[in-house]
Structures are given as C-alpha cells and as structure tokens.
Enquirer: 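First, the structure itself, so that you have it in front of you.
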Amino acid sequence: MTVKTTTHEFQAETKKLLDIVINSLYTERDVFVRELISNAADALEKFRHESLTAGDDVFDGHLPLEITVELDDKNNTLTIADSGIGMTRSELEHNLGTIAHSGSNTFLTQLAEAAKKDVNLIGQFGVGFYSAFMAGNVVRVQSRSWDKSEGHEWRSDGTGSYSITEMPGLRRGTKIIVELKEDAKEYVEKWKIESIIKRYSAFVSFPIKLDGEVVNTVQALWTRSKSDIKDEEYVEFYKFIGNAAAEPMYRLHFSADAPLAINALLFVPTENFEVFGFGKVEPGVNLYCQRILIDQHSKNILPEWLRFLKGVVDSEDLPLNISRQALQDNALVGKLRKVITKRFLKHLEEEAKSDAEKYQKFWSTFGIYLKEGVTTDYEFQKDLGKLLRFESSKSEAGKPIALADYLLRMGPEQNEIYYINGASRAAIEAGPYVEMFRKKDIEILYTLEPIDDFVLSHLGEFEGKKLVSADRADLALAKDGEDAAAPSESAEQDRLDKDTLASLTEWMKTVLEASISEVVVSKRLVDAPAMIVTADGFMTSSMERVLAAGRKEHGLPGLGESKKKMEINPGNPLIKKLAELRSSDAEFAAEVARQIHDNAMIQAGLVVDPLAMVERNYRILGRVVAA
Ligand code: ADP
Ligand code: MG
C-alpha cells in the first residue's frame, strides 16, 4: 500500500506567528492545554449542531460526544482527542496552515506586543492552535471528518512546513498528539493537567476525561437560577467564554418566560480591544437553543454596536435545526435581539444610577460603541440617548453629565439643548461661541470628539427638546425674559451706527468673497470681534471637518469650499476701528479683515492656509512696530 504524503509550506504570516509563539510566549505555557481543549469543545458543538440537521447521515454517529486526554510519560506525549466534527484534508490544510485573521504585519506586531504582556490574549486572536508549539517539538493532528471521507495526519515541527498523510482507520473527530519538548515534561503529570483543566476549562459543556476519569462538571451556568450562582462562578465563566484574564466590568443575568423564553448572561469586559489597533472585534455572544450552541460569535442576536459584549443567549423558542443563514432574517431572532438589547441598555441605565463613577469608567471605555449605535441604529436611539455623557459649561472638567442632568438645570423658558464642538474644554471656553451662553447663564454641552456632532444631530432631540449646535446662524438665545436680539445697554451706547455697519458688512463681504457668503451683525458676540456660523444649521463646523478629513484620506478634495457666514461684533473696538481704517487706508483695512476672518475660521476648527496667514500676520505686525 502506498501512503500519500504531501508537504506544504506555512503561509508567510503563519511562519511569523509561529516564531512569535515559540520564541517569545513561553512564560505561561499552560494556556496551550486550554486552547486545544477549547478547539475540541468547538468541534463537538459544531458536530452536535450539524447532526441535528443531517440526521443519520453522519460518520460514526454512535460515538459519545466527549474529550479525552491521555498522558504518556514513556513517550513524553500529551494527547487530546475529541469526537467532534473533524477535518477533511483540505480543512487541515486551510485551518492549520493559514491564519483566518487578516494576517497583516501590523496585526502580528500588535499580537506580539499584547501577548508579551499577557499570553492569555492569544486566544482572542483566533490563533490558539499554534500555542501547541509552545510545549511541543512536534505536533501531530489526526483527523477524520463527519462527512465520511478518509482520515489524515497533519504533522509539523512548527518551523517552515507541515506534511499531510492519508491515515485509514481513524474514528470521527480529531486527535492532537503533542510530542513534548525536553523542558515541558511536566505536561505528562496528571495533577498538572487536571489543575489546568479545572482552572481554565471547567465550563466546557462536554465531559473531559483524563486517563479515563471525568474531571469537569458539565453544566450550563446560565440555565441555573441566579440565587444559586456564586460570584466566583460568574467570574470563572466569564473568563472561560471571554478568553479573559481580568474580571468583567458589568454582568447581566436575566431570564424571561413570556413573550419569549430567554436565558441570557451578558458581560462587559474591562478593556476595549478595538483601541489596541486590532480592527473590529468579533461579536462575543453565543446563541444557544436548549443548551445547544447554534450560532457561535453570533452576528444576529445583538446589534453590531454591541459587539464588545461577551456571553450567552439561550432561547427554547428557536428551532434547533435552524441554519446559520436562516438566523439572519428569522423574525424570532429579530424579536430576541430587540428584547435583549433593550434589557441590556436598561441595565446600563441602572448601573449608571447606582454607581456613577463606575459608569464613567464604562463610558470612557465603551461609550464609542453607544455613539455608533445612535448613528447607525434608529431603533434604540431613545434608549441610547439616556446613556450618553458629555462635559458641559456646568460640569467639572473630566466629569461628563447626562442629557437628563442638563434638562434638570435648564430654565422653563428654554426649549433647546445646546452644544458646541471643540478640541478641548479650554479651546471651547476661549472661543466666541460660548460668550452669550456664559452671559445669559445658559448651560452648553461640550462635544470634544469629532463624532459627537453626528451623534447629536442623529439623535435630534432628547425628551422633546431639540439638540442645537451653538454655531448655528439662526441661534436665538433668550432667558429671563430678555430679548436675545437686543444688545446690552452698555454696548448700545458706543456701537457703530446702522449705516456705518451696513456699509462695513457689505465691504467685508466683498473682501472675503472667496470664502464668505454673508457678513452680518451679531446678536450674540460679547467680546470676540467675529465668528463663523453655519448657514443651514445642519452641518456643524465639526462635522465638516470630519468629512473633509475623510475625503482627504480617499484622495478627494476637502470640503472647506462651502461658503460660510460670518458674524461681526459691532461693539468690539477692533471692528469699530476697522470702519475708520477703511476710509484712511482701504488696502490695509482689507488685510485686517482677512486676518479677522482667518482667526474666526481657526476658532471654528476650520482650515486656513497657514502660509498666507503667517505672511499677512507679519505684514500687520510690521505696521504696528513701525507706527
Ligand atoms: P480558532 O479556534 O479561534 O478558530 P485556532 O487556531 O484555535 O483558532 O484553530 C484554527 C481552526 O482549526 C479552527 O477554527 C478549526 O476550524 C480548526 N480546528 C482546530 N482544532 C480542531 C479540532 N479539534 N477539531 C476540528 N477542527 C479544529
Ligand atoms: Mg481555538
């Protein structure tokens, strides 16, 4: 009989990954046992689900679903076997020869850095199998698929290549034989393996037999009654399903019978993995039906913006044999998603009430996802609105407030909620937009992130009060019966007369024609000479900035070309002098007008041509010094 063996090179990224795994991650080698057992459990879950639809049409249908671990101290091998779904020849090649993840170089560098800090992270990246090479010189994988095709052995020493050989007579499932390195012989000791399994794999939902003896208790934690579950059990379960090292930030365990039977156990992790530069995280909640996994890392059971959650949703109402594709537009799944999402958002609201400081930490870590929710998901906007937090003119620095807090403080005659975007609290407070708010003692929210204005304009209103950006042209602030249109008395006395103002604004408009559509006399400016306002009131300067940056990234021209309105302050000395200067030295007056315009643009966070501005600035300074 000829045995067919083929040899293959690992994909380049896989080689690098193996190098990282073998050479820099040996500090906490125990995790390789966990990773292999977790793969075995996944394979069993997959088989159980497939066999529900396939009926008798499976290979070795009679085998019990279990994981067996065998230790051989003579040959120094650790063997982990499962009766799961198995792998065909091409699956062996694909699953164990390439990285499913986008195997970019940055990903690998990030991984190397993260894993150096905490090797537990390796499971987060879907590269768990390769951890076998932390302890093994040689790793053999004997596998036979449930589809009745022939079995094979995959073999590698973890350097450049692997081989695949046909191997007749295998049973269904996968057996992984780790030929232990000289310094890894401890992994044939029973107490050692047993303690690793108890620590990391206690929640595997299939029996794990170690030298013939079952060492885990198989139980679905989420189906037990809340009062019977200890905090430690929740924490251990979270660490197990979330591949996490730290405790979760929040947890929600809830059950319902009507209108839908739901058992859900959701966890908020302590860290946001997307900020580490790994790209979008995979959803972390698994969907079960009567304790049988039907959709791992489900994209359907929660909205995409809740992808940072870890946990389990189990519903008896789902048909067991539903296919993954059918889940997507299953009406029942849609209902489950709605109920669970609403319940989770309510839970966050309660958490925020009971411990504001802790919620603040949640907000700074995961707030970005809730903002994503507001801009992408109309269905939950109202619930999400209550969870948003922003700094404001009346909040302490670094201590954002809820929109509800704003409502509590606002006077009965105020009908709108105001906000203004800026790079920092200091930048906003030094700018022209908040002057009238300060004077009239009206609170204004500070939106410090570029996305914030999109979030608030999507939200539109909160509890019936419109959300309005303070750089709107038609903004009218009234408080204490004061008419916003009437300037204060002191300003009235020495402001420019109507005709002078009319001709000044007309003249400025001509000078600034290239970027300004209109120059008007401001009703709101207190100290600053001028400010830029957004004409239609829909797109704030901040939104324009974000869009322009996005266009630049794609090689498109920026958006700054849209013409703006400029308001001038008739009581400001500079503006008054400018009216005089016009008659004595029109050319120099025009220079000053352009400089005022550029300054106002900068305060609006919009781009100006820095070279032209600096040159002009020097010309103006030159005149000042010469005078
Ligand atoms: P992940 O488990 O995150 O997908 P791994 O590196 O642990 O990443 O495993 C890679 C892939 O190899 C798995 O997705 C699975 O398809 C396959 N695999 C690994 N172990 C087994 C097993 N015991 N049975 C069947 N397939 C397996
Ligand atoms: Mg794995």
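No hydrogens, no waters, no symmetry mates; every other heavy atom, side chains included, goes into these values. In each ligand, atom 1 is the first atom listed, and ligand 1 is the first ligand listed.
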Enquirer: Can Lys299 and Glu304 be counted as an ion pair, charged N to O under 4.0 angstrom?
Expert: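 A salt bridge is absent here (no side-chain N lies under 4.0 Å from a carboxylate O).
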Enquirer: I'd like to know if the side chain of His253 pairs up with that of Tyr234 as donor and acceptor (distance under 3.5 Å, no hydrogens or angles considered).
Expert: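 His253 vs Tyr234: donor-acceptor pair found between side chains.
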Enquirer: Consider every N or O of Asn39 and every N or O of ligand 1, then say whether any pair is closer than 3.5 Å.
Expert: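 Min N/O separation from ligand 1 is below 3.5 Å for Asn39.
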Enquirer: Does a side-chain N-to-carboxylate-O contact under 4.0 Å join Lys198 and Glu194?
Expert: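 Looking at Glu194 together with Lys198, the answer is yes, because their closest N to O distance falls below 4.0 Å.
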Enquirer: Please state whether the separation between the Mg ion (ligand 2) and some N/O/S atom of Ser38 is under 2.8 Å?
Expert: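 For Ser38, the answer is no, given that no N, O or S atom comes within less than 2.8 Å of the Mg ion (ligand 2).
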Enquirer: Pairs of nitrogen or oxygen atoms closer than 3.5 Å, one from Ile85 and one from ligand 1: do any exist?
Expert: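 Between Ile85 and ligand 1, no N or O pair is found under 3.5 Å apart.
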Enquirer: Any Lys/Arg nitrogen of Glu372 or Arg307 sitting under 4.0 Å from an Asp/Glu carboxylate oxygen of the other?
Expert: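 Arg307 and Glu372: salt-bridged.
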Enquirer: Is the closest heavy atom of Glu35 to ligand 1 under 4.0 Å?
Expert: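 No, Glu35 has no heavy atom closer than 4.0 Å to ligand 1.
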Enquirer: Gly128 versus ligand 1: do any nitrogen or oxygen atoms come within less than 3.5 Å of each other?
Expert: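 Yes.
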Enquirer: Using heavy-atom distances, let me know which of Leu96, Asn95, Asp82 sits nearest atom 15 (C) of ligand 1.
Expert: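 Minimum heavy-atom distance to atom 15 (C) of ligand 1 goes to Asn95.
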Enquirer: Which pair of heavy atoms, one from Ala132 and one from Val139, lies closest together, and at what distance?
Expert: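 That closest heavy-atom pairing would be CB-CG2, 3.9 Å.
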Enquirer: Phe129 heavy atoms, cut-off 4.0 Å: which ligand 1 atoms fall inside?
Expert: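 Answer, ordered by atom number: 5 (P), 6 (O), 7 (O), 9 (O).
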Enquirer: Under 4.0 Å between a side-chain nitrogen and a carboxylate oxygen: does that hold for Arg291 and Asp314?
Expert: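 Not counted as a salt bridge, because no side-chain N and carboxylate O are separated by less than 4.0 Å.
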